[in-house]
Amino acid sequence: MARLQPVRGTHDILGEMSLRFRTIFEIFRSVAERYSHEQIDTPIFEFTETFKKTLGDTSDVVTKEMYTFEDRGGEQVTLRPEFTAGIARAFISNCLQQSTPCKFYSFGPTFRYERPQKGRMRQFHQMDIEIIGVAEAQADIEVLAIAQDLLNELGIAKHVTLELNSLGDRESRMNYRAALVQYFSQHRDKLSKDSLTRLEKNPMRILDSKDEGDHLLIEKAPRISEYYNDTSKVFFSEVREGLEGLGIDYHIKDRLVRGLDYYCHTAFEFTTDQLGAQGTVLAGGRYDGLVEMMGGPRTPGVGWASGMERMAELITYDIIKKQVRLVAIVPVGDKSHTTAMKIAHDLRKAGIVVDMAYKGNVGKRMKRANKQNARFAILIGEDEIVRSVAMVKNLDKGSQEEISLLKLVDYLKENKL
RNA sequence: GCGGGUGUAGCUCAGUUGGUUAGAGCGCCAGAUUGUGAUUCUGGAAGUCGCCGGUUCAAUCCCGGUCACUCGCCCCA
């Protein structure tokens, strides 16, 4: 059969996957709102400049991963490859510096033109948390607490570990970066090909290299902790103490880095070994330079993003929010249709989930009810109509009894729909 | 963007050392059972063997290209 395929790297979300998404989002929303975060929805596309300015002209995301096009008015626009830039733009556009701290959560599709693999699509969905306007480490701690609560409630915390690092403030990071460049430049001949490119473009990323040969060099490379100035040290220890106070476990991974210039201090990733090469389930950090870089007032910020598809792979079936079990209305004989419809309508108005098939004899309709995992089938024939009753069959038990139409709603509710 | 693997029914997969009608299980549809489902039994539909081209008397099978998926790299959620 000739297939109509969706665009490469995009997927339809339906059936069980849709249930998984909904479960994840509802838990996310519930956790975020408990921390008094408010929802913000920014457009899924922005002027290309918004992303270029913040992500940098040389980053991979900008150079090869953006979905960019010219609209009919001649504007260069880009489908968002991440949330933070759009939210920071919205912060500036809406003059929200007047109402800091801004605690946001957001959710939606995100686009990167990449080669698809497991856990990596061209259109994927992220959940996002940001606190803008707070320079204190409490914000970092709180944002991590949200993440931890989310993972706990999704039942996947046991498969995930928090890797934590500090990049230090700007001064510390610049000094460290210089030291790294100097060190690796002395060992150019031993570096992998990829790492030679990184040395030019993004030297700190060498620390994350998967190349065996690089590992030996990385072992002896300068450590970022040796370059923290006093403010950086204090800030990092505040974050760590805060996490310990809340009982949030973490592992310091001093090779965890961020390439982009606006990142500072806290950087973290929740990773799992259950998703192949794409082990990062949730990641973020502090970005004190971002809003200013976009042309807004100097404003600190911290946040994270999490990939829903990756989460959806990890959650187990028992946590998935099941669809409410429905009641199937089964008219018996053509003359019962109108009354059956009316009963279905009344039950729906009472908040009960009802399905009535469009055709078929009783046997077919019962089969359908069973396939839909209905809890009750309600048979309504002329006989019942005359006596104002319904034959209610419990499909789990196989038993059935006549219930007065007047008591039907109460009966169904009592029997836990 | 780079390298490897895979592509047969809605799903999971057999199969053909190139040969005439391509199979199974599950699912789906129908009947046994026109006022009672999940079990059972019987029957049925469903495939241009991913697509295009090449080699051949003959290609689902061999070769090339292409598309999609997949594993890894780059990078990232």
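Chain A is the first sequence line, chain B the second, and so forth, proteins listed ahead of strands; every chain is numbered from 1. Computed over heavy atoms, backbone and side chain alike; hydrogens, waters and symmetry mates excluded.
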Margin query: Quick check on B:G37: is either OP1 or OP2 less than 4.0 Å from any side-chain nitrogen or oxygen of A:Lys397?
Written below: no
Checklist line | Candidates B:C71, B:G35, B:G37 - which lies nearest the side chain of A:Lys118 | finding: B:C71
Next item on the list: Select one nucleotide: of B:G37, B:C71, B:C69, the one nearest the side-chain heavy atoms of A:Arg8.
Entry: B:C69
Check: Under 4.0 angstrom, heavy atoms only, what part of the nucleic acid is A:Glu114 near: base, sugar-phosphate, or nothing?
Finding: base
Check: Do A:Arg286 and A:Asp140 sit within salt-bridge range, that is, some charged N less than 4.0 Å from a carboxylate O?
Finding: yes
Next item on the list: Could you give the distance separating B:C61 and B:C71 at their P atoms, to the nearest angstrom?
Entry: 26 Å
Notebook entry, point to check: Between B:U36, B:A77, B:C69, which one does the side chain of A:Phe124 approach most closely?
Noted result: B:A77
Margin query: By the 4.0 Å heavy-atom rule, please label A:Arg112 as base, sugar-phosphate, or nothing.
Written below: base
Notebook entry, point to check: Hey, does A:Gly9 reach any base, or is it just sugar-phosphate, or nothing, if we go heavy atoms under 4.0 Å?
Noted result: sugar-phosphate
Item checked: Mate of B:U17 where both pairing distances stay under 3.5 Å, Watson-Crick or G-U -> none
All N/O donor-acceptor pairs, side-chain side in residues 337-348 of chain A, below 3.5 Å, sequence neighbours left out:
unit_1: A:His337; atom_1: ND1; unit_2: A:Asp334; atom_2: O; d: 3.1
unit_1: A:His337; atom_1: NE2; unit_2: A:Arg365; atom_2: NH2; d: 3.2
unit_1: A:Lys342; atom_1: NZ; unit_2: A:Asp346; atom_2: OD1; d: 3.2
unit_1: A:Lys342; atom_1: NZ; unit_2: A:Asp346; atom_2: OD2; d: 3.0
unit_1: A:Arg348; atom_1: NE; unit_2: A:Val354; atom_2: O; d: 3.4
unit_1: A:Arg348; atom_1: NH2; unit_2: A:Val354; atom_2: O; d: 2.8

Notebook entry, point to check: Under 4.0 angstrom, heavy atoms only, what part of the nucleic acid is A:Glu384 near: base, sugar-phosphate, or nothing?
Noted result: base
Check: OP1, OP2 of B:U70 versus side-chain N and O of A:Arg115: anything below 4.0 Å?
Finding: no
Check: Watson-Crick or G-U wobble partner for B:U55, using a 3.5 Å limit on both distances?
Finding: none
Check: Partner of B:C49 by Watson-Crick or G-U wobble geometry, both contacts under 3.5 Å, or none?
Finding: none
Next item on the list: Pick the C1' atom in B:G4 and in B:U8, then give their distance to the nearest Å.
Entry: 23 Å
Next item on the list: Classify the angle between the aromatic ring planes of A:Phe236 and A:Tyr228 as parallel (below 30°), tilted (30 to 60°) or perpendicular (above 60°).
Entry: perpendicular
Margin query: Considering every strand and a 4.0 Å limit on heavy-atom distances, what is the contact class for A:Gly333: base, sugar-phosphate, or nothing?
Written below: nothing
Notebook entry, point to check: Which residue, A:Thr10 or A:Gly279, contacts RNA chain B at a nucleotide closer to its 5' end, judged by nearest heavy atom?
Noted result: A:Thr10
Margin query: Rounding to an integer number of angstrom, what distance separates B:G7 and B:U16 when you compare their P atoms?
Written below: 14 Å
Note to self: Whether A:Gln117 contacts B:G72 is assessed here as follows: a side-chain N or O lying under 4.0 Å from the phosphate OP1 or OP2. Is that the case?
What the structure shows: yes
Notebook entry, point to check: Distance check: side-chain N/O of A:Lys364 vs OP1/OP2 of B:G31, anything under 4.0 Å?
Noted result: yes
Next item on the list: From the options B:C75, B:U36, B:C74, select the nucleotide whose nearest atom is closest to the side chain of A:Asp194.
Entry: B:C74
Note to self: Using atom P in both nucleotides, what's the gap between B:C57 and B:G18 to the nearest angstrom?
What the structure shows: 16 Å
Next item on the list: May I ask you to decide whether A:Arg368 forms a salt bridge with A:Asp355, counting only side-chain N to carboxylate O separations under 4.0 Å?
Entry: yes
Margin query: Considering every strand and a 4.0 Å limit on heavy-atom distances, what is the contact class for A:Met127: base, sugar-phosphate, or nothing?
Written below: nothing
Check: Touch check for A:Ala283, heavy atoms < 4.0 angstrom, all strands: base, sugar-phosphate only, or nothing?
Finding: sugar-phosphate
Margin query: Partner lookup for B:G44, please. Criteria are Watson-Crick or G-U wobble with both distances under 3.5 angstrom; report none if nothing qualifies.
Written below: B:C28
Next item on the list: In whole angstrom, give me the gap between the C1' atoms of B:C2 and B:C75.
Entry: 13 Å
Next item on the list: Check the distance between B:A77's P and A:Leu150's CG and give it to me in whole angstrom.
Entry: 16 Å
Next item on the list: Select one nucleotide: of B:A77, B:G37, B:U70, the one nearest the side-chain heavy atoms of A:Thr280.
Entry: B:A77
Notebook entry, point to check: With under 30° as parallel and over 60° as perpendicular, where do the rings of A:Phe21 and A:His125 fit, or are they tilted in between?
Noted result: perpendicular
Item checked: Complementary nucleotide for B:C69 - Watson-Crick or wobble, under 3.5 Å -> B:G5
Notebook entry, point to check: On RNA chain B, nearest-nucleotide positions of A:Asp396 versus A:Tyr113: which is more 5'?
Noted result: A:Tyr113
Check: Could a donor-acceptor pair under 3.5 angstrom be found where the side chain of A:Arg310 meets the base of B:C76?
Finding: yes
Checklist line | Same-atom distance (P) from B:U39 to B:A45, integer angstrom | finding: 23 Å
Check: What nucleic acid atoms does A:Val332 come within less than 4.0 Å of, heavy atoms only: base, sugar-phosphate, or nothing?
Finding: base
Next item on the list: Provide the Watson-Crick or G-U wobble partner of B:C74, both distances under 3.5 Å; none if there is no partner.
Entry: none
Note to self: Expressed as a whole number of angstroms, how long is the span from A:Glu65:CD to B:C76:C1'?
What the structure shows: 7 Å
Checklist line | Sugar-phosphate only, base, or nothing, as touched by A:Gln400 at under 4.0 Å among non-hydrogen atoms | finding: base
Notebook entry, point to check: What distance, rounded to whole Å, do you find between the two P atoms, one in B:C51 and one in B:A68?
Noted result: 15 Å
Check: Are A:Glu244 and A:Arg240 close enough for a salt bridge, meaning some N to O gap below 4.0 Å?
Finding: no
Item checked: A:Tyr250 and its side chain to side chain contact (heavy atoms under 4.5 Å, CB included) partner, picked from A:Leu243, A:Leu144, A:Val239, A:Thr161 -> A:Leu243
Item checked: Pairwise C1' distance for B:U6 and B:U12, with rounding to whole Å -> 15 Å
Next item on the list: Using a 4.5 Å cut-off on heavy atoms from C-beta on, say whether the side chain of A:Met311 contacts that of A:Met127.
Entry: yes
Next item on the list: Find the distance A:Gln126:CD to B:C76:C1' and express it as a whole number of Å.
Entry: 9 Å
Next item on the list: Answer with base, sugar-phosphate or nothing: what part of the nucleic acid does A:Lys367 contact at a heavy-atom distance below 4.0 Å?
Entry: sugar-phosphate
